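To start, the structure under review is shown below, and the notes come after it.
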Amino acid sequence: NADLHIFKNFRLYAELSSSTVNGKNVIKASDKDNLGFIQVYADIKFSSIPMQLRLGRQELDFGSGRVLGKKDGPNNGAYYDGIHDMF
């Protein structure tokens, strides 16, 4: 993972992952996850108003996670893309 802070108003965060199953004769799509981003987002803070804007892919978990939460497939995670504001 990498966490880059540029000035005090901008942040870029990225996290890579790659996983595969080893030792099986038949490898299904759920058994492998090629190199890709688990999380990658940018935080933008506004000095004029008390708000921070986050754009990108992030692992989110609300409450029990039934409606919106980190979803794990049989072997790999599923992710959401979107926009999230924080006051």
Side-chain angles (χ1 to χ4, degrees):
N1 60 11
D3 192 5
L4 177 65
H5 294 260
I6 301 173
F7 306 111
K8 63 179 184 178
N9 294 336
F10 185 78
R11 172 187 179 207
L12 182 63
Y13 180 83
E15 188 175 341
L16 286 170
S17 176
S18 178
S19 60
T20 58
V21 173
N22 192 9
K24 286 178 75 175
N25 292 332
V26 177
I27 297 177
K28 302 177 196 171
S30 63
D31 291 332
K32 64 180 178 176
D33 185 13
N34 295 329
L35 183 64
F37 288 105
I38 295 175
Q39 299 188 89
V40 60
Y41 55 84
D43 286 336
I44 303 167
K45 293 182 182 177
F46 300 98
S47 57
S48 58
I49 55 175
M51 187 175 90
Q52 177 178 328
L53 183 65
R54 179 170 286 174
L55 304 165
R57 172 178 283 189
Q58 179 186 11
E59 292 181 343
L60 299 174
D61 196 13
F62 294 110
S64 64
R66 290 184 181 180
V67 176
L68 181 63
K70 183 181 174 195
K71 294 187 180 230
D72 288 326
N75 295 305
N76 299 302
Y79 310 103
Y80 300 103
D81 296 326
I83 298 173
H84 181 64
D85 65 339
M86 295 167 276
F87 288 97

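Position 1 is the first residue of the sequence; numbering continues from there. Computed from a predicted model, the values in this text were never measured in an experiment.
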**Prompt:** Once you round to the nearest 0.5 Å, how far does CG of N9 lie from NZ of K45?
**Reply:** 8.0 Å

**Asked** Hey, does Q52 have a side-chain heavy atom less than 4.5 Å from the side chain of R11?
**Response**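 Sidechains of Q52 and R11: no contact.
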
**Residues forming a side-chain contact (heavy atoms from CB on, under 4.5 Å) with F7, sequence neighbours excluded** =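 Here no residue qualifies.
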
**Message:** I'd like to check the side chain to side chain donor-acceptor pair (under 3.5 Å) partners of Y13; sequence neighbours left out, ordered by chain and number.
**Reply:** N1, E15

**Item:** Closest approach of I44 to L55 (non-hydrogen atoms, all atoms of both residues)
**Value:** CD1-CD1, 4.4 Å

**Asked** Is it true that L53 and Y41 fall in one hydrophobic cluster, defined by side-chain heavy atoms closer than 4.5 Å?
**Response** no

